[in-house]
Amino acid sequence: MTLQEYIHYIIIPILSLSGVLVFIRFLIGPSLSDRVVALDLLITIGIGIIAVYSIVNKRETFLDIAMILALIAFLSTVAFSYYLEKRKKNE
Amino acid sequence: MTTNFIIYPILYQAITAILLMFFWRNPKTQRLLSILSSSFGLVLAVSLFVFIWQNGTTALQAGNWAAPFGITMVADTFSASLVVLTHIVALAASIYSSEKVISSRIKFGYFPIFHLLIMGLTGAFLTGDIFNLYVWFEIIIISSFVLLTLGGRHHQIEGAVKYFTLNMLASIIFLTAIALLYGITGSLNMAELSVIIPQIENKGLVQLIAIIFFTGFGIKAGVFPLYFWLPASYHAPPAAVSAVFGGLLTKVGVYALIRVFTLIFDLDEFNSTLIMVTAALTLLSGGLGALVQKDIIKVFSYLIICHIGFMIAGLSMNSQVALIGAVFYMFHDIIIKSNLFLISGLTSSIMGSSKLEKMGGLLNAYPKISLLIAIPLFALVGIPPLSGFWPKLSLFGASLSSGNYTLLAFMIFASFITLFIIARIWNQVVAKPKPGKFPENGFNTYSFKQKAAFIVPIILLSLVTLYISFGAEHIQILAERISNELLNTEQYYQAVFKTINP
Amino acid sequence: MELILAILTGVLYAAGIYLILRRSLVKLIIGLVLLGNAINLLIFLMGGLVEGNPPIISGEEKVLAEGFADPVPQALILTAIVISFGLQSFAIVLIKRAYQVVKTDDLDQMNTTDKIE
Amino acid sequence: MIAAVLAGFILAPVFAFSKKILVEKTAKLFALLPLILFVYFVSFSGQVASGEVVDFTYSWVPSLGIDLNFRIDGLSTLFLLLITGVGTLVFFYTSNYLKGHEKLSRFYAYLSLFMASMIGLVLSDNVFLLFIFWELTSISSFFLIGFNNTQEGSRKSAITALAITGFGGLFLLSFAIFSGGLTGTSRISEMAEMTEVFSSGTSSVLLLIFLLVAAFTKSAQFPFHFWLPGAMKAPTPVSTYLHSATMVKAGVFLLLRFSPHFSLNEWWSPVLILFGAITMVYAAIHTLFRTDMKGVLAYSTISALGILVFLIGLGNSYALSAALVFIVVHALYKAALFLVTGIVDHKTGTRDLTVLSGLRSFMWPVAIAGFVSAASSAGIPLFIGFIGKDLIYEGTLHSAMIWTTVVAVLTNFLLGYAGFAVGIKPFTGPKPEKSIAKPSAVLWFPPVLLAAGSLVFGLFPGLLEGIIIPAYEVTGGQDFHPLKIWHGFNLVLLLSGCTILLAILLYRFWKLNPEKETFISRFDPIAPKTILLKASLLFEKMAAFWTRTAQNGHLRNYVLIIIVALITALIYHLIGSPLTYLDQLIWTPLEWGEVVVVSIMFVAIIFTVFSKSRLAAVAGLGVVGYAMCFIFVFFSAPDLAMTQFTIDTLTVILFVLVLYRLPPYLKLTNNRLRIRDGVVSLAFGALITLLALEVMNESPARLISEFYAESSYLKAKGKNVVNVILVDFRGIDTLIEITVLSIAAIGVFGLLKLRLKKSEK
Amino acid sequence: MNELFMIVVISLGTLFILLAAVGLVRMPDLYLRISVTTKAATLGVGLLLAGTALYFFEVSTTTRALAIIIFLFLTAPIGAHLIGRTSYFVGTPLWKRSVMDDLKGKYDKRTRELMSSEEEQKRTEEQN
Amino acid sequence: MRIQFLLNIILTIVWMFLTGSLEVINFVFGFILSFFVLWIISHTNKSNKYFYLAPRIIGFFFYFLYELFRANILVAADVVTPKFYMKPGIVEVPLDAKSNLEITLLANLISLTPGTLSLDVSHDRKVLYVHAMYIEDKEKFIRSIKNGFEKRLLAILR
Amino acid sequence: MKSIILKTASNYLLPLLLLFSVFVLLRGHYLPGGGFIGGLVASIAFVLHAFANGLSNTKNLLRVHPGFFIPAGLTLSLGSGFAPMVLKQLPFMTGVWFKDPIPVIGMIGSPLFFDIGVYFVVIGVSLTIIFTISESA
Ligand code: NA
Ligand code: NA
């Protein structure tokens, strides 16, 4: 089993499974904060997937995408926090 | 020598817009600049037209990438004529705006966006690339959208929501069609598409894509049953903007329909029936809508729809004569509809309202203005020999000779209802005594400059209408040449693929 | 995968249209955003699916390696994405303004302008 | 010639904007315009009498076959002389009649506009040109009828007249185009040689219908007649001009002009006779019940027009010459009677026949004119009307149908009554209590002159032959029967005598009173006018209903209609030609990551759609966007993935910034709508899926992409092909796209920052 | 040898991510979820990136991987802090078996300022 | 001024990291670029203490890694076992760290370690509120933070 | 938001993100990236700063109204399209290049300036939109 195959058959499925678990949390919530945390974690897992994906395809170009994700993913968290802090009481 | 001059009118508007942005807070300069540059823009447009008239269809390979690899801009007689008309309307609207648009709007980008709208229209007429056409459409949408909402009043917002949603929908449908088209052809260059499409074996698929295109453009053109955005929004912006909307926005849709269904797709039985039915129902529902409206701007809005039916009818009959009629009608309608919206602005400002029941007394109080507006009003009806009459000859003739009597009946109906509506408007706005008083700070109190800004554009457009009316021979010859070019796509193809610059 | 993505495209379209047909302005805009995604996916599909071979000339090569992903749809999507971003931002702001002016997010209450008086 | 036609058009605006004082002073001189034209046209009469035609041709729009082809022949000369002759008198008369009227200059402008249109109409030898002038007469009469623009009644009448005649005009346009197309020429004279076009096949029926609708609307034939009485709202000179010599005769002119063309058409005669007969009887009966002088005249005019149509329909040599003579007869006496009515009205302030009496002592010249015209109208010998009547009876008797003679007699004696009622009644009987101002010579001279005409031509009918015979020949008649006062004792004379007698008896014993008018008004509910009016109201209601239903203000309805329309068109086409091969596609194998991403996206879409909270929906939207981003990663689109991600984040930020100020979602739609919308959306989605799959079967040559692959680095010096496309190959797209962004930003700025003041619009 | 090391690193990273995912689903309250996941996932991704860097083993890739790790370590705790803080602020409840809550009542309802205990005491004294 | 320069150098190094090229010309370019960026943002960036002690930094780095792994495994055990053994709560931790940078770094480091999460800093910057999973003894927990991360961090920063 | 932690961090993240945005911009012709993404990243940097420090602080930082970047960027992009027209009588938007590449950036030519124009427009647009919304909140 080469490294590529290992990643392909073991690592990526596990990462995908993690993604599904996190997404379940996103769906069940219950609060908006839970969803935001789940979203954040989804992206983090995505960065991981991209990293191993670049190994599978032997193209380091994909790391560039991960770089963007790493830098600005948390911005939506910031935005949602901002929302929670500022919103009216009725939602 | 390069053929860069094809896009001079586009670039020129872009430069104007940028320049205007730098004078963001200075309404006076912006006004002057706008008028000056609109005038010069017209000169450029006319010289483009003259060149095309003398030298035939000309293409520019942007970026010096031979077609189909780059974006090709193509000027044929049709697009060059439309560019000229666009710039005429632009000049009129520009002058009209110079006094009519309040400086707070100007301080929030009215003029730059106005010029970008003109740029968008020009670009849409000149492009030879289907995706590029989409992009130009987006310029048109967003700038018209901004002009529509600038000021943010209640009715503006309501109109804008509808305008925006339905135009976005149109773009989405259009883009869907482009995607599918690219999927089956691998090309975006319209000239190349005209060669590839006939070779595709899966005709059914091509037709389905054609239907999607028709729907997308149909929304923009304001045909039945896709026109709803139009009456919902045209009364919202200032009159100068409505003039550009009324004259040109739907016409871009019509242009796209004509272009796509002559150059790229075949008008076979199914398509032409589809378009014909659409045309008939457009004539009908536009007419009915106009009949029941009580506000002059809304009446005009519905008349736009109604008359789009004529052009679409011309396209649907798929004959040279019909196409001549459609093109001629389009030229006439651009000028007339723009003028009507300017007039509605003028009369509303004289009367203090755009509701027909509150208007009146124009003939006795302003006889000269009455005479002035009689020209476009009756030209709209097609009272011969005014401009609306001539294209009907070709349209009626084509439907008679091809045996499309039902379509003819609808056209007659639309003509009749237009006659009736305009006569009624004449009665209600011009002839009837004014209920109540004219507003106090009304037209009479305006300075000479303000009055001129109101009247000069209307005179300008009316003169153009008179030219179309009495110089109908010229327009007819023009329309004939255009229809020839449209039907002989080979010419277009040659123009696009021969010019590889040194 | 093509089949799945084609279905996904269809679902995106359906979802977008469904949301536009609601009464809430916010839902409408969300629907438009979904439709934007739908169209991008459709364009993307039209170029054909290629895994792991982006249209970037790697290293010291001078032309793209065989089997590259079609760059044209990608460029088109980029343009489309950015344009819809512009339009969407304006639309989102319109929600805000509509709420300020019309005092509601209910589209059914925005019908005064179509009335025949 | 062109100057003659255009003179009126050119002078109209001159009149309109002349200073009021100037107009007051020089108004009488305005009559010089028609007078000069009259003289000019008379100058051709010699040539015309010798059977020549004079053509004038000016090029205008040759590519449509529309040139200024003017032709002076017998028929046009007849009409030209009437138009300019009566015109001269009307112009002259008006100068006094409307003296001091505020809008006198405008009136002259309209009048000369109208006259010019009429002249153009009868001169046209080009069927399109004919239509053009036809429409111009409609529109200028619209202005004339609505001249008293401050009165609602007159505005209404004007619009009714325009609607009816304009409606007919569109049929004339169709006729022009169709006949032009079928014959290959637009010259009316050339068409005349192709009678087969007008007489055989469905196209000939269509042509006939087009022409007749045009002629009948203009010439006020039943059931289109009702605009004419309404048009009496116009000042009397207008009525005089429109209804005696010009406007309404245009339809008759049209029929005469084209009667050679349709001479072989089997429908021509019966239809004309039928409509003519109905019209003449119907209108003649109506005259009995009218108490307004103008009302009587209006219906008698309609009736006279019916007679003309009827005669043209009969078409035998007597009937044709009767028609031509009757045109002159009618013009002379009807114009005179209108002018008389005008004077009476002007001086007494009323036109009510039940009130008026004994005016002869105040205005004896007018009374004479009235008497003479009434006599001519009743067909009393020695007046021209007698000759006209004779010819009519000759005409009916020469047709095979007895009933035609019966209706002719009936109509004629009723018309005779009408003439008496207007021309005699006001002047006889007891004098009014109040003294009445004498009319100036400018007023009474024109009717007197016309009456003199009735008399002179009645005594010397041969004088008329000079213009009647050429006209007769043009309309296709042969062997003209000379106009004579005396034909000997025969059936015709008997009928004439009976007619006169009956007319006199009726005048003696028919007591006019307001109840009569009330009586006839009971039939209003079934009158064509009412029916048409009701129909048009119903139509407007339907239009309003339709417009309100379609444009109901609910955006989602609009979207729904659009989508359903698109779906319908697509499915309709699919049923006709189903898609063929979905199975030939080579599928890319499934990967774990992709499946998970797509599944998450599916669920996230559903979550977004059905979420109860806006913010959750926005978060769901975020997930959808990020999932898209990963699809781009998996399928080799790094640039897209990056852009999608950043833009998605920015969009979420925007939503969040905006949404916290808004109230939560309302639960608004009901389940039925949800299901309906769901079905529509899913159908649309399914169609897109289907199309996408079908398209993916096609594998076109990707020449463009291959060119980019090869030249991106070598020619455009970039290795990221997508970026090279964006900034170089398709740079214009990008340039526009950033412009779109810029506009959006300016728009946002304006939308949120600009606050208009109340005063600013 | 090198490859084995890579496999270990990558597997470890994957496990941490799985752990974070499971933790996110299992943990009883929001704070615990944040607490567990942010870091486990960050560590996991860090390891995966390290593996990637090792795989390509060239300057440009390594620096990129390193940059990503730095970015993540910079941003992840800030995000966690923000969402945790705001959640508390808007009243997201703690797990019922929590042992203490020093934050309770420390946020000024009006100014949204957060007080320390010391400051709170001071204020109470002032008020008395 | 010195700190500005230091920041400039650090950014330049980041730039070289990003571009993955260690050439001199890239250094120059990166330096100019960073200088420009810093100029843009300069005037609100009030000067702060900056770290300069490389060995301590490295030591601290490994300490952090150790803590990260240790805590992760601790938490992992609790996550994967069916029963929860944790005793969570929010603890008020008094701060010795004074400057914004010190507080921020400390708070982030605490957050990065599993089982603890910095929720907020009090307005007067005297205490940090930390959510922790295992609070056997409040004082002990506070001490572990103060003697662990805070001490080492301050040693580097001061 | 009143968080010292976010505020402090954002002050350090801002230069980092800006640097990164330039990096993304300049490599776009060779690797994923370019004017759009670069511009978006730069805007996000400022947005983050605004979230943490308040809008007015960020505006002070920028010195000019972000809207100014729009015409500036447009001018640059349009100008690079004009360059070949004016300089070499070539069609609009033709790429004109300096002969030799320079280190770090690579080839210098009109498409690069075009992309830089895009970068500025995107910054101007995003910031104008977001700042305007925040201000009128
Ligand atoms: Na790029
Ligand atoms: Na180029």
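Computed over heavy atoms, backbone and side chain alike; hydrogens, waters and symmetry mates excluded. Chain letters run A, B, ... following the sequence lines, proteins first, then strands; residues in each count from 1.
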**Study point:** Separation between CH2 of E:W95 and CZ of F:F84, rounded to the nearest 0.5 Å
**Key:** 6.5 Å
Practice item. Sort by residue number and list every member of residues 71-78 of chain F having a non-hydrogen atom under 4.5 Å from chain E. Key: F:N72, F:V75, F:A76, F:D78
**Study point:** Choice from F:I90, F:V127, F:D124 maximising heavy atom contacts with chain E below 4.5 Å
**Key:** F:I90
Review point. Name the one of F:D120, F:L119, F:V121 that satisfies side chain to side chain contact (heavy atoms under 4.5 Å, CB included) with E:H81?
Key: F:D120
Review point. If you tally heavy-atom pairs under 4.5 Å against chain F, which of E:L43, E:V22, E:T86, E:I83 wins?
Key: E:L43
Point to revise | F:Y134 portion near chain E, given a 4.5 angstrom heavy-atom threshold | key: neither
Study note, to complete from the structure: Among F:P94, F:A132, F:P82, the residue with the most heavy-atom pairs under 4.5 Å to chain E is F:P82
**Study point:** Taking every non-hydrogen atom, the tightest pair across F:V80 and E:R26
**Key:** C-NH1, 4.1 Å
**Study point:** Under 4.5 Å from a heavy atom of chain F, the part of E:F73 involved
**Key:** both
Review point. Heavy-atom distance under 4.5 Å to chain E: side chain of F:K126, backbone, both or neither?
Key: side chain
Study note, to complete from the structure: Rounded to the nearest 0.5 angstrom, the CE-OG distance for F:M86 and E:S98 is 8.5 Å
Check your understanding: Checking side chain to side chain contact (heavy atoms under 4.5 Å, CB included) for the pair F:V79/E:M27: CA distance, chi angles, key distance, verdict?
Key -> CA-CA 8 Å; F:V79 167; E:M27 283 292 146; 3.5 Å; yes
Exercise for review: Sequence neighbours left out, what passes side chain to side chain contact (heavy atoms under 4.5 Å, CB included) with F:K140? Give chain and number order.
Suggested key: F:D137, F:R143
Point to revise | Residue selection (most heavy-atom pairs with chain E, distance under 4.5 Å) from F:N108, F:T113, F:L68 | key: F:N108
Review point. Is it the backbone or the side chain of E:Y31 that comes under 4.5 Å from a heavy atom of chain F, or both, or neither?
Key: both
Revision key, fill the gap. Answer key: most heavy-atom pairs under 4.5 Å with chain F among E:T42, E:L32, E:I78, E:L82 is E:L32
Practice item. Tell me, for E:L12 versus chain F, whether the close heavy atoms (under 4.5 Å) come from the side chain, the backbone, both or neither. Key: side chain
Check your understanding: With a 4.5 angstrom heavy-atom cut-off, which part of F:T104 approaches chain E: side chain, backbone, both or neither?
Key -> neither
**Study point:** Residue E:I34 versus chain F: region with a heavy atom under 4.5 Å
**Key:** side chain
Revision key, fill the gap. Bottom line for E:L94: the part with an atom under 4.5 Å from chain F's heavy atoms is side chain
Revision key, fill the gap. Max heavy-atom pairs within cutoff under 4.5 Å with chain F, candidates E:T37, E:L19, E:D29, goes to E:L19
